[in-house]
Protein chains: 2
Amino acid sequence: MSRKRLQHGDQNGPPTVRTVAALAGVSIASASRVLNGLGASAETERKVREAAASVGYVPNAVARSLQARRTDMLALAVEDIGNPVYVAMMRAIEEVAARAGYRLQVHATGADPAGEVELIDGLARRYVDGLVISPIRVTAAHLTALARVPTPVVVVGSLPDDAPTGARPVDNVRADSHTGVALAVAHLVAGGRRRIAFVNGPLDTVPGAARHAGYLAALAANGLIADPALIETGDFHHAAGREATRRLLDRERPDAILCANDLIAVGALHALLAAGKRVPEDVALVGMDDTDLAEMSFPQLSSVSLGSAERGRIAAELLLRRLAEPTRPAQRVTVAPELKIRASSAHAIAAVPAPRIGETP
Amino acid sequence: MSRKRLQHGDQNGPPTVRTVAALAGVSIASASRVLNGLGASAETERKVREAAASVGYVPNAVARSLQARRTDMLALAVEDIGNPVYVAMMRAIEEVAARAGYRLQVHATGADPAGEVELIDGLARRYVDGLVISPIRVTAAHLTALARVPTPVVVVGSLPDDAPTGARPVDNVRADSHTGVALAVAHLVAGGRRRIAFVNGPLDTVPGAARHAGYLAALAANGLIADPALIETGDFHHAAGREATRRLLDRERPDAILCANDLIAVGALHALLAAGKRVPEDVALVGMDDTDLAEMSFPQLSSVSLGSAERGRIAAELLLRRLAEPTRPAQRVTVAPELKIRASSAHAIAAVPAPRIGETP
């Protein structure tokens with residue numbers, strides 16, 4: 001084995017993907033694809049695997065890291081690892097990464113832009129091979145850091161069209177909140193609702209801003225006038241959604257509420273039921289993100305799927321492809337939204353018996 | 001800098017913790033504690049930091065990994081990263097790890113014992129410095145793997161008292177399900193409930209077996225006879241909880257339901273409300289784990305906290321301490337449970353107005 005290594009290895013040590021590629025008679029990119037578990041033609045796959053075996057290419061984490069400065073690790077940075085939308089994304093990324101032989105490192109950023117920028121800059125120390133990051137606010141500092149980072153990064157979320165491009169193209173996976181909100185509003189209008197309130201997260205976040213703009217555009221498209229009194233903002237968590245909905249109900253009598261995510265919608269449902277409103281008869285309710293919470297609620301929540309698992313899967317695949325082909329032009333993928341209609345906004349009266357919660361017997 | 005390194009470094013390269021300890025005049029364990037961010041006396045801390053600076057001890061991930069075979073990474077392996085009980089644990093571990101300069105790698109095992117054993121055995125390749133694992137089933141293969149692993153592992157969950165001890169002591173953090181179930185049953189009995197059903201997860205899991213035994217013991221302690229017809233099992237997820245509760249309600253008229261976790265309880269709440277039962281008037285409901293779901297439900301769920309965040313925090317701290325003191329005797333810590341009483345089992349009739357879900361106006 002050690003003779004073979006000396007024969008085929010690079011000058012300074014054990015065999016690298018370069019050695020394997022040369023011996024297999026394929027490009028480095030092809031060899032890398034096979035060794036990264038990304039698939040190739042059966043013939044290429046066979047040649048690369050045989051070459052790797054013959055030179056003793058070691059799939060051992062420490063040895064590979066030592067020889068190729070590879071860590072076999074990808075990182076995921078999201079605001080809050082407890083938010084079910086990120087849980088779905090994380091599960092999808094973990095699955096793609098594991099299949100390709102990568103382990104996943106998870107960072108909770110707490111939506112702190114400075115921390116996110118530090119994380120991106122820190123990639124220069126090569127503690128992971130690549131990063132998927134989903135910042136809920138994109139600052140100028142993010143764009144500067146992305147332009148100078150030497151390690152592949154995929155951004156889940158919107159990047160400005162005029163973002164500076166750096167040495168390494170940054171791939172981008174987007175949700176389409178605008179269309180998603182339009183689907184929800186059209187559905188509520190079709191069900192006869194006219195006073196459609198909107199409970200949003202902070203307007204200075206990427207999703208908050210996009211969903212606000214989508215709501216205004218969707219009302220206009222349906223011939224409805226936007227009433228500022230029907231708009232509430234809090235943050236993207238359930239307690240804030242409950243408080244915001246209480247404020248809304250103290251002031252207005254909406255016949256529908258659209259919430260900017262399911263956590264807010266769960267809070268809104270709480271506030272509605274506690275105020276004695278029937279859902280959906282008095283107030284129809286629609287969330288966004290279509291997380292597990294939507295199915296777990298009673299009544300089950302209608303929700304706009306923005307494809308969080310799908311976005312995670314695509315982001316991980318783009319990252320693996322970027323590792324294999326570092327100079328490929330930047331790709332931008334937008335995942336189409338889909339409205340999942342459940343009991344909380346069903347047009348017909350729900351067929352379930354009528355429970356009376358909290359009534360005196 | 002390079003002269004200093006040669007002066008103080010080990011024979012084959014840059015300075016290690018050994019070099020730093022010798023120069024600071026402290027034990028390797030003390031130097032390691034300081035460099036791991038675990039704290040020490042102010043004087044020791046100062047000496048170690050000065051020594052580290054003077055020999056150019058590099059806190060760079062790749063360099064440190066190369067020189068000391070350290071990865072600055074801890075791993076967490078749980079069944080399902082989407083289960084809120086593990087989310088709370090993961091957040092707590094991430095916080096402790098980050099404070100000590102470690103990053104966290106997360107594995108979803110899907111409760112596959114073979115995969116978990118492979119993960120433990122894989123630690124020999126040193127891709128992380130230590131592992132926290134929470135197997136929901138502990139097999140003989142787990143115990144064998146734990147006895148031979150060269151890397152520190154902390155097990156969250158019960159290990160048999162007669163588990164073989166290996167070269168390296170395995171620390172263990174436990175919940176006390178038995179007492180937790182007793183708290184819930186005593187609370188329900190105090191509220192006048194007598195037909196207390198139990199919806200459990202699989203009996204061949206550590207939590208399933210412990211909670212089942214706890215339920216039988218708690219009934220006996222309260223002078224109640226266990227009725228097998230009041231016991232249902234499914235798995236630990238909400239859809240199974242809903243189905244199991246439907247089967248239970250088709251057959252029996254319980255006046256309370258205890259669920260083996262909050263996911264099951266959320267499913268049970270769904271089944272109860274869909275069947276027209278009032279919660280808590282007709283059927284009081286108590287979950288376990290006290291996750292975010294308990295607060296998000298309507299009515300809010302009473303739940304037995306088994307200290308998931310606390311167990312995560314302690315597990316991470318034990319792992320860091322084990323890294324600093326590899327031969328310290330194995331520690332076992334049990335976290336005490338606490339019952340959080342909310343509307344779903346409140347003795348008094350809830351004071352909220354009476355919403356009528358799904359009724360014809």
Side-chain angles (χ1 to χ4, degrees), chain A residues 60-63 65-66 69 71-73 75 80-82 84 87-88 90-91 94-95 98 103-108 125-127 238-239 263 266-267 269-270 272-279 281-282 292-293 295-300 343 349-361, chain B residues 60-62 65-66 69 71-73 75 80-82 84 87-88 90-91 94-95 98 103-108 122 125-127 238-239 263 266-267 269-270 272-279 281-282 292-293 295-300 343 349-361:
Chain A
N60 167 303
V62 168
S65 168
L66 287 169
R69 295 191 146 249
T71 63
D72 290 320
M73 179 99 51
D80 173 13
I81 51 182
V87 168
M90 177 161 62
R91 275 180 174 150
E94 212 246 354
E95 206 179 299
R103 288 179 307 279
L104 186 66
Q105 188 179 125
V106 176
H107 298 268
R125 292 198 300 273
R126 296 284 304 159
Y127 60 82
H238 72 103
L263 284 164
V266 162
L269 178 62
H270 201 113
L272 285 165
L273 296 177
K277 304 287 185 190
R278 297 167 307 162
V279 175
E281 293 81 353
D282 299 329
D292 289 349
L293 289 175
E295 286 219 323
M296 288 199 271
S297 291
F298 188 87
Q300 290 189 323
I349 299 304
V352 296
R356 289 176 190 81
I357 300 165
E359 269 192 343
T360 310
Chain B
N60 166 304
V62 168
S65 168
L66 287 171
R69 294 191 147 248
T71 62
D72 290 320
M73 180 101 49
D80 173 13
I81 50 181
V87 168
M90 177 159 64
R91 276 179 173 151
E94 212 244 355
E95 208 179 296
R103 289 180 305 281
L104 186 67
Q105 192 179 122
V106 176
H107 298 268
R125 291 198 302 273
R126 295 285 305 160
Y127 59 82
H238 72 101
L263 285 164
V266 161
L269 179 61
H270 201 113
L272 286 165
L273 297 177
K277 304 287 186 191
R278 296 165 308 162
V279 175
E281 293 81 353
D282 298 330
D292 288 351
L293 289 175
E295 286 220 322
M296 290 198 272
S297 291
F298 190 88
Q300 290 188 323
I349 299 306
V352 298
R356 290 177 191 77
I357 300 164
E359 268 193 345
T360 311

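By convention in this document, chain letters (A, B, ...) are assigned in the order of the sequence lines, proteins followed by strands, and residues within each chain are numbered from 1. Only this structure's heavy atoms are used, side chains among them; waters, hydrogens and symmetry mates stay out.
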What are the two closest non-hydrogen atoms of His107(A) and Glu94(B), and how far apart are they?
CA-OE2, 3.6 Å

Heavy-atom cut-off 4.5 Å, strictly under: side chain, backbone, both or neither for Leu263(B) against chain A?
side chain

With sequence neighbours left out, write down each residue that passes side-chain contact (heavy atoms from CB on, under 4.5 Å) with Glu295(B), or none if nothing qualifies.
His238(A), Gln300(B), Arg342(B)

Tell me every residue that passes side chain to side chain donor-acceptor pair (under 3.5 Å) with Asp80(A), counting only those two or more places apart in sequence or in another chain.
Arg91(B)

For a 4.5 angstrom cut-off between non-hydrogen side-chain atoms, does Met73(A) reach Arg103(B)?
no

Distance in Å, His270(A) NE2 paired with Met296(B) CE, rounded so as to fall on 0.5 Å steps
11.5 Å

Is Leu293(A) in contact with chain B via its backbone, its side chain, both, or neither, using a 4.5 Å heavy-atom distance?
side chain

